[in-house]
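Here is the structure we will look at, set down as structure tokens.
Side-chain atoms are counted along with the backbone in the values below, which use heavy atoms only and exclude waters and symmetry mates.
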Amino acid sequence: MAVESDLAPPLSPPAPGKGPGTLSDRLTSVLRHDLPASIVVFLVALPLSLGIALASGAPVLAGLIAAVIGGIVAGTLGGSVLQVSGPAAGLTVVVAESIDKFGWKVTGFIVVAAGILQIIFGLSRIARAALAVAPVVVHAMLAGIGVTIALQQVHVLLGGSSHSSAWNNITELPGQLMSLHGGDALVGAVVIAVMLGWKYAPEKIRVVPGPLVAVFIGTVLSMVLPTEVERIVLEGSLFDAIGLPEIPDGGWSAVALMVLTIALIASVESLLSAVAVDKMHNGRRTNFDRELIGQGSANVLSGLLGGLPVTGVIVRSATNVQAGARSRASAIMHGVWVLLFSVALTAVVQQIPKAALAGLLIVIGIQLVKLAHIKLARRTGDLLVYSVTILGVVFLNLLEGVMIGLALAFGLLLWRVVRVAITAEQIPQSQRWLVTIDGSCTFLALPKLSAELAKVPAGADVTVEMTVDFLDHAAFEAIEEWVRQQEHGGGSVEFVEIGTARMADALTGPPARGFGRAVWDEILGPWRREDKHPNPLAAGVAAFHRSHAHVVRPHLDSLADRQDPHSFFLACSDSRIVPNVITNSGPGDLFTVRNVGNLVPETGDASVEAALVFALEELNVRSVVVCGHSSCGAMKALYSGADTGPGIGPWLAHAHPSLEQFRAGHPVAEAARAAGYGEVDQLSMVNVALQLETLHRHPAVRRAVIERGVRVSGLFFDIGRARVVEVTIDGLAHIEDVDERPVPELV
């Protein structure tokens, strides 16, 4: 596989006068940014790797082997530039289970097989499918792992040994407390205190990673205590720990299940970590398929050499970004530092107390249970899924807990998606009944559907309002049979179908979900020439009666004897301009006047004058608006000076001042030119500005502005981009979004 060079800094510009691919730029970036970052990441990774190996029940040096290979191999081949890989707490429980079932050597074989499976995932280009796992299940899985780690390590911290199951760890805890070893407990407690309190230390001191400081203090304390504490025991050097895995001699189904479990968890954790890292910087985005190939390659080599499974680790990766890394060189060098330390300073490792690493892991485990995730699950209605998944992971095993969580999440999703709201009630002050069906109408809705339809008296006249996006054959037949019985009893049934799934289409093919865009296309889209209706206007009226009239009828009924528009809206007669659409307004909101060129003649035309005065003095509108648009035919004729004939020429004479001001360099024309608009559109905007000046001179408008604070404004509708720009008397302005809904919390 070809690996492109990623050593060029993705987050900072190249040095002045030098191209981004020069060797000098790369070397400067590595020395200035990646080298210091790699040292910080190394200091974080070292104690974590030792602790994870200890918690997994694997040889301690297996954690360092995985850290070296994760940094160098995954750092070189992976698809995330700034992600750092190594042994992760997320796999601690499943690795411990594998070692307990199959032994350490066979577990190495399982890691190799899981790596090969990850490479296949990457080559198959299915990496993004792993991101489809419900986040609440992933959050709960990590929390369950955190609880399990904490329950295991609390026994080690107290001077004992962890037990095989969470239940045993809980039930044996009182006995362990009665026989705790004071020295180990003190060391572990100090490490926990340092870890929890490190965020309150002065900023200059916090440059040193908290885990390293905590383990260092715990180690020094263990040396001065009068009591003995249990320390890490290394059997030889890092090279002595390297050993080939063993092929299982049976139980292949259990082995295959463990391979799949490790491959899936390692893949999902790596991809989710990569997604989180991408949010922390503005450089190159992750290639997810390549990331799985890199992770798989690292796991193959780690398993062959006697290391733990490797995944992308968010703690190290976040540290890498925060430390200022600019390329994958940081992750690679951090692996080199771990290798050098493991070879040259193994005696230092053997001075570390097990209780210190236990305290470190307890804090890490607790931190995997994030309050923000619990609050999010509660807000989104997924707290049950979160709770069940945690309990499954803790008291069954990781795979079963995740499978139960996914099944529950899928069931909850299915219930939310396919449920349908059905009501049947008599219309007030009428003998007619209204039945509403909103959602996905399937056989699952038949009990509720039949119960609601049974409320309608036999022989009653009924309107059935269907806002349905999915209609299967069972629901269609139930509705059809009810309609037949209702009409047989002398009643009538009128269908109003607003949704995309229609009764008439139910038997033409397999049921298919319709999407909301289709409804908007039907409402907003113009009649197409290929439809070839003999009377398209009549066909449109019939479609309105069939689908939309019922929706607007209650609103129009309230306006039957009065109108209260908020705006006088003067627009061009162009067929492409629909004032209510571009202003997101409905019937009764706009008092609309349209003419060629959206003009306000000061003399010679009484129609605009009459409408304007009526709107201001009788309807008390709160704003007066003039709206022009792009590609205006009137402005094209005015600009070109073409002969428009006796019908249009005298009318366009009212726009001659706009043409004169445009040619004189009106400030609105300058602003439109700077915004990239062509000359005809510039003229259209100048024309809007001059109509605003005319309106401001009108006595009725001046009086309304002074007495009632009426607002006079101009708009320009860019048809091709479906964007509206505000036009003022002397410039342009963007219309800001005034939606004040709260922004959702980012977790």
Side-chain angles (χ1 to χ4, degrees), residues 129 132 134 137 380-382 384-385 388 403-427 430-523 542-551 553:
V137 176
T380 57
D382 294 324
L384 177 63
V385 177
V388 169
M403 290 297 103
I404 292 172
L406 287 175
L408 184 58
F410 182 77
L412 184 60
L413 172 66
L414 186 65
W415 177 77
R416 288 170 173 170
V417 169
V418 305
R419 64 178 176 172
V420 58
I422 305 172
T423 61
E425 55 188 16
Q426 187 174 359
I427 299 174
S430 171
Q431 296 300 313
R432 195 172 190 88
W433 279 68
L434 173 65
V435 175
T436 61
I437 306 174
D438 191 353
S440 299
C441 197
T442 69
F443 66 91
L444 297 174
L446 291 183
K448 187 174 184 179
L449 179 63
S450 61
E452 290 296 316
L453 293 180
K455 295 179 181 179
V456 181
D461 295 327
V462 186
T463 297
V464 180
E465 180 185 306
M466 296 182 64
T467 311
V468 175
D469 59 3
F470 186 88
L471 179 67
D472 71 1
H473 185 248
F476 168 78
E477 278 196 343
I479 297 172
E480 278 284 280
E481 176 61 21
W482 173 79
V483 170
R484 188 186 65 79
Q485 293 178 2
Q486 199 69 20
E487 292 178 343
H488 181 72
S492 65
V493 179
E494 175 190 8
F495 279 91
V496 178
E497 297 182 274
I498 305 169
T500 51
R502 306 293 171 90
M503 291 284 289
D505 301 329
L507 299 180
T508 59
R513 181 176 297 280
F515 296 96
R517 177 58 184 265
V519 176
W520 283 106
D521 286 343
E522 181 178 331
I523 296 173
F544 167 73
H545 287 162
R546 183 174 61 250
S547 57
H548 311 134
H550 179 74
V551 178
R553 186 178 296 136

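The shortest non-hydrogen separation linking L446 to A474 is CD2-O, 3.9 Å.
Side-chain atoms of D472 never come within 3.5 Å of backbone atoms of P511 as a donor-acceptor pair (strictly under, hydrogens ignored). Under the 3.5 Å distance criterion, the side-chain polar atoms of E481 are left unmatched by any main-chain donor or acceptor of Q485. With hydrogens and angles ignored, the 3.5 Å screen pairs a side-chain donor or acceptor of Q486 with a backbone N or O of P457. No donor-acceptor pair under 3.5 Å is formed between the side chain of E465 and the backbone N or O of V496.
No side-chain heavy atom of F470 sits under 4.5 Å from any side-chain heavy atom of V420. Using a 4.5 Å cut-off on side-chain heavy atoms (C-beta onward), D469 and S440 make contact. Under the 4.5 Å side-chain criterion, counting only non-hydrogen atoms from C-beta, H473 is in contact with L507. Taking the side chain as every heavy atom from C-beta outward, L471 and M503 approach each other to under 4.5 Å. For the pair F495 and V483, the minimum side-chain heavy-atom distance is below 4.5 Å.
In this structure, the separation between CD1 on I479 and OG on S450 is 11.5 Å, given to the nearest 0.5 Å. Rounding to the nearest 0.5 Å gives a distance of 10.0 Å between CZ of F476 and CG of D505.
Each of L413, L412, L406 was evaluated against V385; a single residue qualifies, L412, per the side chain to side chain contact (heavy atoms under 4.5 Å, CB included) test. Residue V468 forms a side chain to side chain contact (heavy atoms under 4.5 Å, CB included) with just one option from I437, T442, I498, and that option is I437.
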Determine, step by step, whether W482 and L449 satisfy the side chain to side chain contact (heavy atoms under 4.5 Å, CB included) criterion, reporting the C-alpha distance in whole Å, the side-chain angles of both residues, the deciding distance to 0.1 Å, and the verdict. CA-CA 10 Å; W482 173 79; L449 179 63; over 6 Å; no
Audit row: R432, T463, side chain to side chain contact (heavy atoms under 4.5 Å, CB included) steps and yes/no: CA-CA 8 Å; R432 195 172 190 88; T463 297; 2.7 Å; yes
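Judged by distance alone, the side chains of T436 and D438 never bring a donor and an acceptor atom under 3.5 Å apart.
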